[in-house]
Amino acid sequence: MSEDIAYEVMMDHYRNPHNYGTIENATNRITEYNPICGDTVHLEMIINEGRIEDIKFVGRGCSISQASASILTETVKGKSISSLNDLTDQKYLMDLGVSLGPARERCALLSLNALRKAIAGDGTAP
Ligand code: FES
């Protein structure tokens, strides 16, 4: 995928976010924020038998952070928790397919960091 197309995909996720909303019977919830700008991503998910059965997000912030949250939910929905060990920061950023500077990388990784904390049990229990 060319970088131009990858950027268009990101902007489409920003304008039309996938898996946007909340899950009433979520097993794991977390709100993560970027302390530099205050932007937030809130994730809710159902984890059952080591698998992310469902995941949704709401948030407020820059296009990169919100598009990335939408893409992340699409990426991990239905996946086993153990398979996420391979999803390193660098792999996730490469999969996004757009070149980002260090500050924008933090925007893009906000939701992935939130997901890791929620899976580790750092989030608020329902
Ligand atoms: Fe705040 Fe991107 S500028 S997360």
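Each ligand, and each atom within it, is numbered from 1 in the order the structure gives. Excluded from the calculations below are hydrogen atoms, water molecules and symmetry mates; all remaining heavy atoms, backbone and side chain alike, are included. As the structure is a prediction and not an experimental result, all values here were calculated from the model. Residue numbers run from 1 in the order of the sequence given.
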Within the 4.5 Å heavy-atom criterion, are Lys79 and Arg51 side-chain neighbours or not? no
Out of curiosity, is Asn34 lining ligand 1, as in a heavy atom under 4.0 Å away? yes
Of all the atoms in Cys37, is at least one N, O or S atom closer to atom 2 (Fe) of ligand 1 than 2.8 Å? no
Plane angle bin for Phe57 and Tyr20 - parallel if under 30°, tilted between 30 and 60°, otherwise perpendicular: perpendicular
Tell me whether the count of non-hydrogen atoms from other residues, nucleotides or ligands lying under 6.0 Å of OH in Tyr92 goes above 12. yes
Give me the one residue out of Asp95, Asp89, Thr88 that meets side-chain hydrogen bond (donor to acceptor under 3.5 Å, both in side chains) with Lys91. Asp95
Look at Arg15 together with Glu8 and state whether they make a salt bridge at an N to O cut-off of under 4.0 Å. yes
Subset of ligand 1 atoms that lie under 4.0 Å from at least one heavy atom of Cys62: 2 (Fe), 3 (S), 4 (S)
For Arg104, the atoms of ligand 1 under 4.0 Å from one of its heavy atoms are 2 (Fe), 3 (S)
Identify, for atom 4 (S) of ligand 1, the protein heavy atom at the shortest distance, and state residue, atom and that distance. Asp39 OD2, 3.3 Å
